[in-house]
Amino acid sequence: MQDSTCKITEAAGQPADTPLAILQCALAQAIQVSCRQFAFEWDIGTNHLVITPQLESLHAIDIAQVSRPWCMTILPSLLHPEDQAAFCKHLHAVLRNNGNQAETCKVSFRIAIDNKPEWRWMELNSRILERNEHGHTVRLTGTLALRGMQSLTNKTNPGGAGNEEKIPTAILTAAPDCIISINHMGEILTFNNAAEQTFGYRSSEVIGRRLPEVLIPRPWREKHEQELEKCRTIGKSALLNRRMEVTAMHANGTALSVEMTVVPLSVEDNPVFTVFIRDISELKREAMRYQQLVDLSPEAILVCQNNRLAMLNRAGARLLAGSQLAADLLGRSVTDFIHHDFHALFAQSAVPSKADTDDIPFVEQIWIKADGTPFNAEIGIRQLSYNGAPALQVVVRDITQRKHAESLQIGQNRILNMIATGAELPDILHELACFVERHSDQGLCSILQANADRTLLENCVAPSLPPAYIDGLGKIVVGPAGGSCGTAVYRSQPVMVTDIASDPLWEPNKSLALRHGLKACTSWPIFGKNHTILGSFALYFRHETAPGIQDLRLFNICTHLAGIAMESRASEERIRYLAHYDGLTSLPNRFLFKDYLDNALRNAQRYGRRFAVLFLDLDRFKEINDTMGHEAGDHVLREVSKRMRACLRETDKIARMGGDEFYVLIEDLDDSRHAADIAQKLLNAASLPITAEGKECRISVSIGIGIYPDDGSSGPALIKNADNAMYRAKERGRNAFQFFSVPAANDQETSLLDEPLSRVHWLKKNMMQSS
């Protein structure tokens with residue numbers, strides 16, 4: 001102990017070398033200067049007494065001149081009568097070996113103060129450092145502390161006014177945190193019960209010793225010494241008035257994690273520092289166990305305190321840190337990683353739920369990684385205690401892939417719905433191209449359709465490609481050097497061109513593409529059923545690159561959708577075609593002819609026009625089928641149909657009603673002569689030889705003519721009368737035409753458009769053919 005040393009050589013009325021006299025003098029002088037507490041070390045053999053804090057008055061006061069001499073005989077008169085026996089017993093137990101080997105003693109007593117009507121409560125703690133061979137104490141250390149005042153008028157009630165001083169002492173003793181007071185030299189003045197339990201020392205063992213030497217591990221001791229020196233000299237230190245986490249040391253040498261706060265005080269103008277210490281070792285161990293448990297979780301877990309990251313597990317570090325170190329993120333505000341549009345939603349989610357449930361409600365937000373990359377997140381928040389303080393545990397799930405998949409599914413459903421509800425093919429392909437571009441990595445989409453013989457790609461749908469480029473490209477020839485698209489269709493496999501400027505496939509259109517900033521293009525063929533190629537699907541890029549993984553997934557999805565759309569529309573067109581056209585001759589069928597006839601009736605009635613309906617029936621066609629076969633018959637029907645269509649104007653209509661029967665509609669008829677001219681052309685065309693199955697055959701036709709409004713005012717009446725006229729032409733010897741030329745009398749007859757061959761008509765037809 002580096003303290004001022006006061007060597008007391010004499011005491012009035014007592015020999016100078018009397019140990020008890022020396023101790024009495026020291027105690028009396030401490031009382032005289034009103035010192036709150038001091039520590040001492042007494043070498044009884046040499047009468048050398050070391051006292052701290054320094055009793056400056058001992059240097060200035062001549063003990064012999066003190067108004068009241070201090071001696072062994074005077075001491076009992078100074079002590080309260082009730083305390084004399086206990087005090088003397090304490091001193092004898094300390095100084096002599098009476099069989100009591102206790103190394104520490106503690107006694108409280110009251111001493112009268114000169115000229116003051118009060119007792120001063122003192123507490124003496126002593127610890128034996130050394131005994132001689134007889135067991136007598138030769139070296140002693142201890143503390144003397146002021147504990148309160150008591151009026152002399154209340155000598156018989158030691159618990160009176162002194163209780164006011166005992167209340168803070170009781171509080172100090174019962175406090176759950178360690179409370180240690182030190183002087184400006186860092187020497188321990190008080191050491192409460194919590195400190196004893198936490199650090200494993202008895203207060204008597206540490207009072208008077210320097211705090212860093214007792215509680216601070218050696219590696220950090222010098223740093224603490226420096227901070228204490230700052231407290232003493234400049235009144236500033238990192239330890240003052242703030243809670244800091246430090247490493248302390250137990251009496252057995254083990255390290256403890258503690259929070260320490262140093263508060264400066266002044267007691268009777270003497271600087272004193274109170275050290276508040278809280279053992280957080282268990283909290284640190286719990287936090288470590290929590291950290292280890294959370295680190296094993298595959299979920300990204302963050303712990304936030306005061307809106308800042310206090311901890312994040314490995315999955316959280318991988319999710320947020322990117323190329324940065326996870327430690328670099330600790331202490332940062334959690335809102336740094338949340339898109340500003342979702343700050344309010346995060347704050348709302350952090351409010352504790354009143355519902356008593358174990359389920360964590362997850363909400364979707366946009367978060368941002370440390371490198372600035374945004375991602376779709378799903379977060380769940382729970383309240384918890386971390387390191388003894390309130391905190392938020394935030395579970396963060398990256399749902400970018402899930403949101404992407406959902407978006408893809410929504411887009412696919414929209415396109416499939418367009419296909420199912422009959423949207424036009426160009427609209428479907430346009431929506432498909434836009435869908436691709438929304439999900440592509442900077443790709444510009446184009447979709448081309450193949451013509452019937454797969455030699456050309458045309459009808460380009462490309463929402464984002466320059467119109468001038470599309471016009472300049474025109475129809476793409478399918479071949480081995482047809483750029484990306486033409487070559488992909490030719491090879492029936494994808495073609496990837498990462499640099500248009502240098503790839504020979506693009507030689508014909510390289511300048512056009514580069515002029516419009518297109519530098520790379522990858523194309524996929526679009527397949528239908530049975531591996532039939534329907535067109536091409538391509539992505540252009542404005543820099544030399546290959547499509548990414550996301551683009552490749554898009555290709556697989558969208559070529560399939562494009563194939564469904566094209567094939568579906570082709571099937572629908574085929575269905576619509578077959579509903580209105582004859583599959584063998586490609587002429588309109590009876591249903592479409594009915595529409596033509598109804599429209600001609602409306603126009604004629606509105607504008608007072610005339611028109612003619614011709615009923616045609618091939619003569620002896622059954623013989624061709626019977627002798628040459630149905631394939632030859634079909635060939636004859638196709639050839640006759642082609643010839644008869646060539647005899648008509650663009651405005652005239654011809655339809656096959658079934659079998660070998662045809663209808664012709666001639667509008668804008670000025671007189672019947674024009675109808676006769678058309679009928680004669682049809683007869684002449686039909687009579688020309690036809691080669692079928694390598695054999696030449698001839699055929700003729702019988703024609704009946706009905707004129708509106710002379711031969712009927714409705715479609716069914718005109719058809720029926722033209723049919724009757726046709727049979728009269730057959731009766732004349734076939735290969736002829738015949739006008740009905742009879743007033744309309746059968747307007748209510750059943751329409752031959754709805755029933756092409758009535759039973760009577762079928763009988764008459766077969767009788768004529770057999771004759």
Side-chain angles (χ1 to χ4, degrees), residues 405 408-437 439-440 443 445-463 475-480 482-496 521-539 547 550-589 591-592 630-631 634 638:
L408 288 178
Q409 189 61 56
I410 291 171
Q412 292 179 71
N413 292 343
R414 184 187 303 114
I415 293 165
L416 289 172
N417 183 65
M418 293 179 70
I419 295 172
T421 55
E424 296 295 328
L425 181 59
D427 296 336
I428 297 173
L429 297 182
H430 184 275
E431 175 63 27
L432 181 57
C434 293
F435 165 72
V436 171
E437 291 179 351
H439 293 85
S440 172
C445 181
S446 79
I447 303 174
L448 292 161
Q449 300 177 59
N451 64 355
D453 57 3
R454 279 76 175 172
T455 58
L456 295 175
L457 296 173
E458 55 192 3
N459 302 324
C460 181
V461 175
K475 296 181 180 181
I476 298 176
V477 177
V478 174
S484 298
C485 297
T487 307
V489 172
Y490 176 78
R491 296 177 180 175
S492 295
Q493 63 183 25
V495 171
M496 184 183 300
C521 179
T522 296
S523 180
W524 267 251
I526 299 173
F527 294 103
K529 293 180 180 178
N530 302 321
H531 211 66
T532 302
I533 293 182
L534 305 176
S536 69
F537 180 96
L539 271 185
Q550 188 165 301
D551 290 328
L552 298 178
R553 292 173 181 166
L554 278 173
F555 280 132
N556 292 331
I557 293 171
C558 294
T559 52
H560 180 63
L561 288 175
I564 292 175
M566 290 179 179
E567 204 158 48
S568 173
R569 286 301 166 265
S571 298
E572 290 180 3
E573 291 294 331
R574 180 64 178 167
I575 291 171
R576 283 197 291 267
Y577 178 83
L578 293 177
H580 296 90
Y581 291 86
D582 176 54
L584 179 63
T585 64
S586 298
L587 294 178
N589 61 14
F591 298 107
L592 184 55
H630 287 285
E631 290 187 5
D634 290 345
R638 285 193 292 268

How far does [atom1] of [X] sit from [atom2] of [Y], to the nearest 0.5 angstrom?
| X | Y | atom1 | atom2 | value |
| --- | --- | --- | --- | --- |
| Leu425 | Met418 | CG | CE | 9.5 Å |
| Leu561 | Glu431 | CG | CD | 11.0 Å |
| Ser484 | Met496 | OG | CE | 10.0 Å |
| Leu587 | Arg638 | CG | CZ | 12.0 Å |
| Leu429 | Cys434 | CG | SG | 11.0 Å |
| Glu567 | Ile526 | CD | CD1 | 11.5 Å |

Nearest heavy-atom pair of [X] and [Y]: which atoms, and what distance?
| X | Y | value |
| --- | --- | --- |
| Pro463 | Ala433 | CD-CB, 3.4 Å |
| Gln449 | Asn459 | NE2-CB, 3.7 Å |
| Leu457 | Gly535 | CD2-CA, 4.2 Å |
| Cys521 | Ala538 | SG-CB, 4.0 Å |
| Leu432 | Cys558 | CD2-O, 3.6 Å |
| Leu539 | Gly443 | CD2-C, 3.8 Å |

For Tyr490, does the OH atom sit with more than 12 other heavy atoms under 6.0 Å from it, leaving out its own atoms?
->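 Result for OH/Tyr490: open.
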
Side chains of [X] and [Y]: does their closest heavy-atom pair fall under 4.5 Å?
| X | Y | value |
| --- | --- | --- |
| Ile410 | Asn413 | no |
| Ile557 | Val436 | no |
| Ser492 | Ile533 | yes |
| Leu448 | Val489 | no |
| Val477 | Leu456 | yes |
| Glu458 | Ile476 | no |

Does a donor on one side chain sit under 3.5 Å from an acceptor on the other, for Thr532 and Asn530?
->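 Distance-only check fails for Thr532 and Asn530.
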
Indicate the ring-plane relationship of Phe555 and Trp524, choosing parallel, tilted or perpendicular according to the 30° and 60° boundaries.
-> parallel

What class does the angle between the rings of Phe435 and His439 fall in, given that below 30° is parallel, 30 to 60° is tilted and above 60° is perpendicular?
-> tilted

Okay, side chain of Asn589, backbone of Leu592: is any donor-acceptor separation there less than 3.5 Å?
-> yes

Output all residues satisfying side chain to side chain contact (heavy atoms under 4.5 Å, CB included) with Glu631, sequence neighbours left out; order by chain, then residue number.
-> Glu693

